[in-house]
Protein chains: 2
Amino acid sequence: MITKELLHPQSIVVVGASNNVHKPGGAILRNLISGGYQGELRAVNPKENEVQGIKSYSDVSEIPETDLAILAIPAGMCPATVETLARDKQVRAFIILSAGFGEETHEGALLEDAILETVNKYEASLIGPNCIGLMNTWHHSVFTKPIPLLNPKGVDLISSSGATAVFILESAVTKGLQFNSVWSVGNAKQIGVEDVLQYMDETFNPETDSKIKLIYIESIKDPDRLLIHASSLIRKGCRIAAIKSGSSESGSRAASSHTGAIASSDSAVEALFRKAGIVRCYSREELTTVGCIFTLPPLKGKNFAIVTHAGGPGVMLTDALSKGGLNVPKLEGELADELKGKLFPGAAVGNPIDILATGTPEHLGLTIDYCEEKFEEIDAILVIFGTPGLVSMFEAYDVLHQKMLTCKKPVFPVLPSLHTAGKEVDAFLKKGHVNFADEVTLGTALIRIMNVPQPAVKEIELFGVDIPHIRRIIDSIQDNGYIEPRLVQDLLRSAGIPVVEEFVSADKEEILAFARKCGFPVVAKVVGPIHKSDIGGVALNIKSEQHLALDFERMMKLPEVTAIMVQPMLKGTELFIGAKYEEKFGHVVLCGLGGIFVEVLKDVSSGLAPLSYEEAYSMIRSLKAYKIIQGTRGQKGVNEDKFAEIIVRLSTLLRFATEIKEMDINPLLATNKDVIAVDARIRIEK
Amino acid sequence: MITKELLHPQSIVVVGASNNVHKPGGAILRNLISGGYQGELRAVNPKENEVQGIKSYSDVSEIPETDLAILAIPAGMCPATVETLARDKQVRAFIILSAGFGEETHEGALLEDAILETVNKYEASLIGPNCIGLMNTWHHSVFTKPIPLLNPKGVDLISSSGATAVFILESAVTKGLQFNSVWSVGNAKQIGVEDVLQYMDETFNPETDSKIKLIYIESIKDPDRLLIHASSLIRKGCRIAAIKSGSSESGSRAASSHTGAIASSDSAVEALFRKAGIVRCYSREELTTVGCIFTLPPLKGKNFAIVTHAGGPGVMLTDALSKGGLNVPKLEGELADELKGKLFPGAAVGNPIDILATGTPEHLGLTIDYCEEKFEEIDAILVIFGTPGLVSMFEAYDVLHQKMLTCKKPVFPVLPSLHTAGKEVDAFLKKGHVNFADEVTLGTALIRIMNVPQPAVKEIELFGVDIPHIRRIIDSIQDNGYIEPRLVQDLLRSAGIPVVEEFVSADKEEILAFARKCGFPVVAKVVGPIHKSDIGGVALNIKSEQHLALDFERMMKLPEVTAIMVQPMLKGTELFIGAKYEEKFGHVVLCGLGGIFVEVLKDVSSGLAPLSYEEAYSMIRSLKAYKIIQGTRGQKGVNEDKFAEIIVRLSTLLRFATEIKEMDINPLLATNKDVIAVDARIRIEK
C-alpha cells in the first residue's frame, strides 16, 4: 500500500535521530535538512531536546500527529513504536532502516510480521525494514550518500538491495544522470519492487510523471505483476531497464545467501523481460548507461553518424555498433562534399566524420546541423569530443548543448576528458545533460536496447484450441508422471497441433496390419522406457513386413517394454519445442532445431506462455540456425508459419494446463509444406 | 632507430616554443618544466629572448649542441630545420608534433620523405610527424594532458593515434594506473608501433624494465615483427594487451579515412594476437582495466573468492565470472564455519563472503586472511568495498592496502564509491594501487585474459611434409587460378594429408573399370565447373555400374564439363579446413565442421600459419560444436589427433607455398579412426 503520506508527507519524524551523522539516525536527518525538506521535521531521542537544530522529543508518545515516521532504532523496539505511532499519532507511512529482522533470525521475522499486521490495520505504508530508505523530489529520507540531483523528469530507481542502490547512484552521478525517486525496498515486508511498479502504473500521469524506470532485483516474487505493470508502463511511453542478478548457478547461491530468496530460473527471467519489453542489464555500469540513453529521444532507426575530432574512438565505436547490427552508413555525394568543403583540409566526412583535432566549435555545430538536417539516412548522432588540454571546452560544449536543445534526432555526447576538461564536463552536466565517458560502453548499451522488442500483446490466441477437451483430458489423469502416448496425441490434437498417425499394440499381427495400411517405410519404437534410443528401442526406415516382424520380436524382449508403437516414416528437418513450468512464472517455452542444435549448440530461444504470433516469430528468428529454417543453399526451408502456429497453440494449451510441468515435442518434422509432431513427452504433476 | 638521445636526452630544444600554453609549442614546454626535466632545456622562438623562463634563441643555428629536438613549427619548415639540427647541432632525436604531412597531401608526404632521409643519414630517431610526442620518467615531451603518474614499474603505452592515447590516459588515471612511458607514433614515418616493441624486446632487462605493454594500433604494417617481439616479450614475462581497431567493415572504412592505412582483415588480426599471446581489447575502458589487472600478481587458477559488505555487487560479479567459465566455488565446512563465527550474525561465508554493511575493517582483514591462508581452493580475492557514507573508509582501505602488500594471491580492489569516498579512494591510489570501480567490468576483463593462450612455439613442424616436392609442383604451375584436381591431390599427399583415391577421365569405360576396382558405392563429380552441386554435377551413393554409366552420360553433357571424377563413397562426419593468404600476415587457416556449421553457423576458428600441434588443438577445441568432434550421445566422435595433424601439416605446406592465395578441403570425412580429404580446391597466384 503506497500512501500519499509516504510520497509527500507534510511532517516527518525521525525516531532514533542523532547528532552523530555517522549513524543512520543522524545521517538521514542531515540528508532531510540539507535536501531542503519543506514540511515539519521532528526528532525522537530520549537524551536530547534538539537534534541537529530540530526539536527532539524524548518519546514517540509526545510528538504531534505526523505523516511519515522513519525508524532508526533496534529491531526489537520497532513493533511497539509502530503501533503507538499508527494508533495515536496518525502516522500513515513508515520507513524502517533498522536491520535484525527476517534477514537474520526467526525471531526477527516474527517482529516483521507484527509490524506488518499493524501497518496493514491502519492502512499505512511500510518501506523496509533493513533498507536505506526512500528519496524523491520532496523528501530525502535516506541515510546514505551520494544524493544525486533530483528532478521530476529524472529517473525512478527501485532496488531490492540498499547498498546496490548506493553503488548504482555512484555510477550514475558521474554520468550526470538525475533522479525523480530512489526506492530501497529492503526486506520488502509490505512494499516490494512489484508493488512500486504497480503503483507507478496505476497512477501514471503522462504529463507529469517520470518515464524512465531502472530496477535492481534479486528475486522476482510476483512475475505476473511485474510483467503486467512493466509492459503497461512501457505501452504508456515509459522505458524500463533492469538487472536481475543471480543469473548463474553460483550467482543464485550468492543471491540466496544474501536475501534468503530462492532464485528464479534464469531463462524464465529472460523470457519475462522480453515479453514485457524490459531492457536487461548485467552491471551497474550498463544499467546507468542505459538509463542515460533513455533520457534522450528514442531512436527511430539503426543508422548512426559519428562526429568527432579524434579518429580512434570513432573507429572503435563503429566496430562496436557494426558488430551488434547497427549501421554507420557511408556518407558520400554532393552533400558530403559540401560539408567537407566547409571543414579544414584533411577532414573526413565518410562517417565517422572527423573534423580533425584542430576542428573548431563552429565546425562541430555545422557538422551536427548536416547530420540533423541534410543527411536524411541518419537517425542519430554520436558526438565524441574530448580535449588534449590545449584549449578550454566551454565553447564547444556550449555548441553541443545548443544543438541538443534543438535537434530532433537524438544526440549522444561522448566527452572522454573527465580529468583534463573536468570543469567543462561538469558545467555541461549542470545544464541537465548526461555524458557517456566511454564510446564502446555506449555502443554496447545501444545494441542491447535496440534488440529488445515491444511489449507483447496481452490477448491469448484461442483459435483452434479446444480448451474444454484439454481440461477433460488433464482432469481425467490420476497419476503424476509421464502420461501415455495416446493422451499426448489427444492433447496435441486438441490444440490443433498436427501429429503423425501412429498405432500402439503388443500384438504383432495388429502392428503388421497397421503398417500395411499406412504404407512402408515405417518407424517402430518401444513403449515403456523413457530413453528409447539408448537401449535400442527405436528402429527407423523399416521397409518390409518381414523386417518389421523381426524388430517387433526383438524389441518386445527389451526391459520394461509393454508394447510397440508404429508410425509412417516421415522425412524433413527436425525441429524442437519444449516447455518447463517455472514456479510463479508459468511455462517457459523453448524452440529450436532438433538434435545437435539443441543438445550440442544450445541454440534455443525462449518465451513465456501464452505467446502471441509476434513473439513466436521473434523466437524463431532469433535462432542462430534461422537460416536453415529459411532454407539455405541446396536445401529447402521449412514452413515457418506452421512452426510459429504450433508454438502459439502449444503455449495456449499450456496456459490452460498448468499441471504440465515438463514436456517436449522432439522431433517435429518439417518440410516447406508441413510441420508434424512425431514424438512428444508430457509430464504432469497435480 | 631508437637512440639514447630520444629516451634519455641530456638536452632538449623546443623549436617553436611559445609562452602561449594553448599552443602545442607552449604546452609541451610547460609539461617539460612541470615534469621536472633534469637536463638542459632550450627554446627557439624568433620573437622572444625567454619563453616560460627558458632561454630562447631566435634561430636553430644559434643553439648549442643538443640531444633531442621537438618541432612545433609549420610542416614546410621542418625539413630544413631537421637538416640544420642534425648536421650542425648533433641532434640525434626528433619529435615532430606538426601536422600537414603525408596524412593530408602528397606534398606533405614528400616533406616527410626528406625528413626521413636526413634523420636516417645521421642515425637519429624520429617520432612523428603528426603526434602528441613521447613521455617517460625522464622527460614529458608531450603537449597534451592528462599527465599520469610516471613510474619505472608502470605501464608502457604505444599508440598509433595521439588523441586516442590521450583518451586512454583519461580512462587510466581515474583507475590509478601509472605509466613508465607513453609513445604516440603519429604518422610513424621512421618509428612505428612494431619498432617500439622490437626495441623493448631487444633491450629488455627483466630487473629494471616495465613488464606491461598496452597498445592501440589502427593498421598492422609488419605483422611478423609484431608477432615475434610481442611473443618474445611475453615469454620473458611481459603481459601485453592491445586494441586493433577497424575490426568491422565500417570500422575499417573509418580507419582508412583516418590514417590512410589499408585495414588488415580482422580474422588475421585475431589469429595473430592469439598466436602472440596478446590480450585483445575493444575499448579504452577494457584496455585500461586489463592494464590494471596486469599490475597485480598473475592468476594461477580460476577460483575466486568475493569478499564484500554489500550483497548485490557480489552477486552480479559471480554471474559475470560464471558466465565466462571462471569459478566462485562454494566455501563450506569447518574453516568456513570458523570464519562465520568471527563475523557478525547474518554474515554469509558461502562465497561471495558477505561481512555485512556493519562489517568492520578487522572483519575485512580477517576474511582476506582466511582466503589467503586457509581456503586453499581459492586462487584470487576480489574485494568489493564501498560506503553508504556513514563512516570514512580510510581505515578499511588501509587494511586492504596492508593485505595487498603481503598476500601472495592477487587481491582485486573494487571500490565503487568514487563520489562519496573520493578522498579515501584517492589516498588508496596514491599508495600505488589501482581501482576497479565496476565489478562486472573487472569480471569481463578477467575472462578475456584467462582465455588468451600462451605464445605459440616458434618451430615449424616439418615432419612428413615433403617441401622440395611441394616447391616442384608449385613451380611447375604456369597459370594463376584454381589448379587441376590431380595437382591438388599431389600437393596434399606431399604434406602427408590422406586423400581419397580418385580417378578422372572423359572415357566411360575407364571410369567404370575404376569403379569396379575400388568397389561400389561410388561418387561421381564433374570436372571443370567450380560450383558443381549447383548444376547437378555431383551424384552421391551410386550403387551399380548401370547407374554410374547413366550419370556419366548425363553429366558429360553439362556445360563446361571436361571429364568426370569418381571416388569411393566414404562415410563419416564432415570437417572443413580452409586457408586464405592475407597480405603481410601470411596464411590464415580456418577449421570447423563442414556444411551448415561453416555456412550457417559460422562456427570456425582461425590460426596463423605455421601452426603448432598446441595451436591446432586449441583451434579445434574452441569450436562451439567441439562436442560433436568428441562424440555426443549416440554418435561416435572423430579422430581429433588426425584432424590436428592435418591442420598442422597443411599450415606447414602453406608456409612454403605462399603462392596459394585461397584453398579449402571440404569435406574432410572423419571417423573415429581416419580423417580423409575428399574434395579440395586450391587457387594459386604468382
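Since the structure is predicted, the reported quantities are computational estimates derived from the model, not experimental observations. Chain letters run A, B, ... following the sequence lines, proteins first, then strands; residues in each count from 1.
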Where does [X] contact chain B at under 4.5 Å (heavy atoms): side chain, backbone, both or neither?
{"X": "A/Ala347", "result": "neither"}
{"X": "A/Phe597", "result": "side chain"}
{"X": "A/Val173", "result": "side chain"}
{"X": "A/Thr105", "result": "neither"}
{"X": "A/Ile243", "result": "side chain"}
{"X": "A/Ser417", "result": "both"}
{"X": "A/Ala625", "result": "both"}

Minimum heavy-atom distance between [X] and [Y], given as atom pair plus value:
{"X": "A/Lys624", "Y": "B/Val600", "answer": "O-CG1, 4.2 Å"}
{"X": "B/Gly312", "Y": "A/Thr164", "answer": "CA-OG1, 3.1 Å"}
{"X": "B/Thr387", "Y": "A/Val166", "answer": "O-CG1, 3.7 Å"}
{"X": "A/Glu218", "Y": "B/Gly311", "answer": "OE2-C, 4.3 Å"}
{"X": "B/Arg284", "Y": "A/Pro416", "answer": "NH2-CB, 3.5 Å"}
{"X": "A/Gly246", "Y": "B/Asp319", "answer": "N-OD2, 2.7 Å"}

With rounding to the nearest 0.5 angstrom, report the [atom1] to [atom2] distance, [X] to [Y].
{"X": "A/Glu286", "Y": "B/Met316", "atom1": "CD", "atom2": "CE", "answer": "10.5 Å"}
{"X": "B/Asp438", "Y": "A/Thr441", "atom1": "CG", "atom2": "OG1", "answer": "9.0 Å"}
{"X": "A/Leu415", "Y": "B/Phe167", "atom1": "CG", "atom2": "CZ", "answer": "9.5 Å"}
{"X": "B/Ile596", "Y": "A/Thr632", "atom1": "CD1", "atom2": "OG1", "answer": "9.0 Å"}
{"X": "A/Thr420", "Y": "B/Ile147", "atom1": "OG1", "atom2": "CD1", "answer": "8.5 Å"}

### Summary
Sequence neighbours excluded, the answer for salt bridge (charged side-chain N to carboxylate O under 4.0 Å, His left out) partners of A/Lys175 is A/Glu285
### Message
Quick one: does any side-chain atom of B/His22 pair with a main-chain N or O of A/Leu390 as donor and acceptor, under 3.5 Å?
### Response
yes
### Query
Does B/Glu104 reach the main-chain N or O of A/Gly346 with its side chain, forming a donor-acceptor pair under 3.5 Å?
no
### Query
Going by atom types alone, do B/Glu439 and A/Ser283 pair a side-chain donor with an acceptor below 3.5 Å?
no
### Message
Tell me whether the count of non-hydrogen atoms from other residues, nucleotides or ligands lying under 6.0 Å of NZ in B/Lys23 goes above 12.
### Response
no
### Message
As an exercise: rank B/Ala27, B/Ala163, B/Pro313 by heavy-atom pairs under 4.5 Å with chain A and give me the winner.
### Response
B/Pro313
